[in-house]
Trainee: 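I am attaching a structure below and will ask some questions about it afterwards.
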Amino acid sequence: MSAPLLKVENLVKHFPIKGGLLGRTVDRVHAVDGVSFELEAGETLGVVGESGCGKSTTGRCILRLIEPTSGRVTFEGKDVTALAPNALRAMARDMQIIFQDPYASLNPRMTVAAIIGEALTIHKLTQTTREYTDRIVDLLEQVGLSADHLQRYPHEFSGGQRQRIGIARALAVAPKLIVCDEAVSALDVSIQAQVINLLEDLQAKHHLTYVFIAHDLSVVEHISDRVAVMYLGRIVEIASAKDLYTRPQHPYTEALLSAVPIPDPRAKRERQQKRILLQGDVPSPIHPPSGCHFHTRCPIAKPQCKAESPVLKTVGEPGDRHQVACHFRG
Ligand code: SF4
């Protein structure tokens, strides 16, 4: 196996909570609590979990849009977490992000041409005005828009079209890795499918690598080579998409999967279809439960789960790269 494009090692992000007259740190939100994974060039890792599980914070820490508390992120062998600001700006060309709400992330006072062209100017990627315009038109066409849209403003577009503009902007610098942070979550299901198809086409064309973050397992199924399931700041299971959807090991993955409709019951999935309803809400990440964070909701929890935190262990054959964090599974 070749060296990974991206390596995340024991990533931690705790947000301090300030309080009192002196504004001291009175508590911490344990947003990301020791996340590790590797990603090959050209691969897509789906990252899934309920709101507040730390998936978006993980994505932003990888790009250092948020400074991690500890841990290491290595991209093409370089330690991203140790880069000085200048080197980090240069590396930003290789690692881009697409946000959930394209309207909020696109400047309403800028035309589409200016939004996409901004990155070309910052990174001095074109030499002449003609080259600059041609490149923007080319990017628009790659995402299914056209030169007719150059001088229009974000509010003139639908949600799906705005997300296409966001994708064109990310593509402008010819990145190697794109973090898609809930990039399709705000779109209608039919539009979601179109944008996912577009992302797949662009991946094949440009050999892109994606970290594809979503709160719903059904959204990531078709685009992901592997899927990581997060719960309260930790990865509880990571496997190839095929393994995860057909042979889930972690009780939390089973519960999430039981909520995903199976379009054709005779199809590849062997998993049970009975809906597993978890009790209660996700506990606060300020004071996560001891031991296995999932023990307060787990249908098969035992006393050991409250006392001991399970580590990710490999299940199946070592080559399967299927890992689960549960004392009683695997
Ligand atoms: Fe459930 Fe215990 Fe496994 Fe955690 S370690 S998932 S609480 S059985």
Trainee: Does the side chain to side chain donor-acceptor pair (under 3.5 Å) test come out yes or no for Arg28 and Thr69, once each step is laid out?
Mentor: CA-CA 11 Å; Arg28 289 174 193 284; Thr69 304; over 6 Å; no

Trainee: Can you tell me how far CD1 of Ile300 sits from NE2 of His327, rounded to the nearest 0.5 angstrom?
Mentor: 11.0 Å

Trainee: In terms of hydrophobic clusters joined by side-chain contacts under 4.5 Å, are Leu120 and Leu171 together?
Mentor: yes

Trainee: Rounded to the nearest 0.5 Å, what separates atom CG in Leu63 from atom CD in Gln96?
Mentor: 7.5 Å

Trainee: Determine whether Leu244 and Leu217 make a side-chain contact, defined as any pair of heavy atoms from C-beta on separated by less than 4.5 Å.
Mentor: yes

Trainee: Does Tyr231 share a hydrophobic cluster with Val315, counting links as ILVMFWY side-chain heavy atoms below 4.5 Å and allowing steps through other members?
Mentor: no

Trainee: Side chains of Phe212 and Val47: closer than 4.5 Å at any heavy-atom pair?
Mentor: no

Trainee: So, the side chain of Thr314 versus the backbone of Gln323: is there a donor-acceptor pair under 3.5 Å, distance only?
Mentor: no

Trainee: Within the supplied structure, the quantity of interest is the number of heavy atoms (other residues, nucleotides, ligands) at a distance under 6.0 Å from Arg72 CZ; does it exceed 12?
Mentor: no

Trainee: Verify, without hydrogens or angle tests, whether Arg60 (side chain) and Ile66 (backbone) share a donor-acceptor contact under 3.5 angstrom.
Mentor: no

Trainee: Which atoms form the tightest heavy-atom contact between Ala228 and Ile235, and what is the distance?
Mentor: CB-CD1, 4.1 Å

Trainee: Taking Tyr210 for its side chain and Ile223 for its backbone only, find out whether a donor-acceptor pair lies under 3.5 Å.
Mentor: no

Trainee: How many angstroms lie between OG in Ser258 and CG in Leu278, if you round to the nearest 0.5 Å?
Mentor: 7.5 Å

Trainee: Evaluate whether atom CD of Gln279 has more than 12 neighbouring non-hydrogen atoms of other residues, nucleotides or ligands under 6.0 angstrom away.
Mentor: no

Trainee: Only one of Lys242, Glu237, Arg226, Gln249 clears side-chain hydrogen bond (donor to acceptor under 3.5 Å, both in side chains) with His322; which?
Mentor: Glu237

Trainee: State, without any angle test, whether Gln142 and His206 hold a side-chain donor-acceptor pair at a distance under 3.5 Å.
Mentor: yes

Trainee: State, yes or no, whether a side-chain contact exists between Ser309 and Arg234 at a heavy-atom distance under 4.5 Å.
Mentor: yes

Trainee: Under 4.5 Å between side-chain heavy atoms, counting indirect links through other Ile/Leu/Val/Met/Phe/Trp/Tyr residues: same cluster for Leu65 and Val179 or not?
Mentor: yes

Trainee: Between Leu5 and Glu76, is the side chain to side chain contact (heavy atoms under 4.5 Å, CB included) condition met? List the steps.
Mentor: CA-CA 5 Å; Leu5 180 79; Glu76 291 190 313; 3.6 Å; yes

Trainee: Flag the pair Leu177 / Leu39 as yes when at least one side-chain heavy-atom distance between them is below 4.5 Å, and no otherwise.
Mentor: yes

Trainee: Kindly determine whether Asp33 and Leu232 satisfy side chain to side chain contact (heavy atoms under 4.5 Å, CB included), including the steps that lead there.
Mentor: CA-CA 8 Å; Asp33 229 354; Leu232 272 182; over 6 Å; no

Trainee: If we only count heavy atoms from C-beta on, is the Phe37 to Leu6 side-chain gap below 4.5 Å?
Mentor: yes

Trainee: Verify the cluster assignment for Ile178 and Leu198: are they in a single hydrophobic cluster under the rule of side-chain heavy atoms below 4.5 Å apart?
Mentor: yes

Trainee: To the closest 0.5 Å, what do you measure between CD1 (Ile62) and CG (Asp181)?
Mentor: 10.5 Å

Trainee: So which atom in His14 and which in Ala31 form the shortest heavy-atom distance, rounded to 0.1 Å?
Mentor: CD2-N, 4.4 Å

Trainee: Evaluate the salt bridge (charged side-chain N to carboxylate O under 4.0 Å, His left out) criterion for residues Asp201 and Lys205: first the C-alpha distance (whole Å), next the side-chain angles of each, then the deciding distance (0.1 Å), finally the verdict.
Mentor: CA-CA 6 Å; Asp201 291 347; Lys205 186 171 177 189; over 6 Å; no

Trainee: Hey, mind stepping through Val173 and Leu125 against side chain to side chain contact (heavy atoms under 4.5 Å, CB included) and telling me if it holds?
Mentor: CA-CA 8 Å; Val173 292; Leu125 297 178; 3.9 Å; yes

Trainee: Give, for atom CG of Leu11 and atom OG1 of Thr58, the distance between the pair rounded to the nearest 0.5 Å.
Mentor: 6.0 Å

Trainee: Kindly assign one of parallel, tilted or perpendicular to the pair His250 and Tyr252, based on the angle between their ring planes and the thresholds 30° and 60°.
Mentor: perpendicular

Trainee: A quick test of your reading: do over 12 heavy atoms of other residues, nucleotides or ligands sit less than 6.0 Å from NZ of Lys306?
Mentor: no

Trainee: Using every non-hydrogen atom in the two residues, find where Pro68 and Thr81 come nearest and quote the distance to one decimal.
Mentor: CG-CG2, 3.8 Å

Trainee: I'd like to know if the side chain of Thr44 reaches the main chain of Asp225, judged simply by a donor and an acceptor atom lying under 3.5 Å from each other, with no hydrogens or angles considered.
Mentor: no

Trainee: Just wondering, more than 12 heavy atoms not from Lys313 lying within 6.0 Å of its NZ?
Mentor: yes

Trainee: Should Val32 and Val236 be counted in the same cluster of Ile, Leu, Val, Met, Phe, Trp and Tyr side chains packed under 4.5 Å apart?
Mentor: no

Trainee: Would you say Glu141's side chain and Asp138's backbone share a donor-acceptor pair under 3.5 angstrom?
Mentor: no

Trainee: At their closest point, which heavy atom of Cys305 faces which heavy atom of Phe328, and how far apart are they?
Mentor: SG-CE1, 3.5 Å

Trainee: Please check: side-chain N/O of His30 versus main-chain N/O of Pro285, any donor-acceptor pairing under 3.5 Å?
Mentor: yes

Trainee: Classify the ring geometry of His149 against Phe157: parallel below 30°, tilted from 30° to 60°, perpendicular beyond 60°.
Mentor: tilted

Trainee: Any idea which heavy atoms bring Ala214 and Val220 closest together, and the distance?
Mentor: CB-CG1, 3.6 Å

Trainee: Where do Val282 and Arg297 land on the side chain to side chain contact (heavy atoms under 4.5 Å, CB included) test, with the steps shown first?
Mentor: CA-CA 8 Å; Val282 182; Arg297 302 171 79 200; 3.4 Å; yes

Trainee: How many angstroms lie between atom CZ of Arg169 and atom CZ of Phe99, to the nearest 0.5 angstrom?
Mentor: 7.5 Å

Trainee: Hey, are Lys55 and Glu182 close enough for a salt bridge, meaning a charged N less than 4.0 Å from a carboxylate O?
Mentor: yes

Trainee: Return yes if a side-chain donor-acceptor contact under 3.5 Å exists between Ser190 and Asp188, otherwise no.
Mentor: no

Trainee: Is any side-chain heavy atom of Thr74 less than 4.5 Å from a side-chain heavy atom of Pro4?
Mentor: no

Trainee: Measuring only between side-chain heavy atoms, which start at C-beta, is Arg329 closer than 4.5 Å to Glu254?
Mentor: yes

Trainee: Considering non-hydrogen atoms only, spot the tightest contact between Ala170 and Ile98 and give its length.
Mentor: CB-CG1, 4.0 Å

Trainee: Considering only heavy atoms from C-beta outward, does the side chain of Phe294 approach that of Cys326 to under 4.5 Å?
Mentor: no

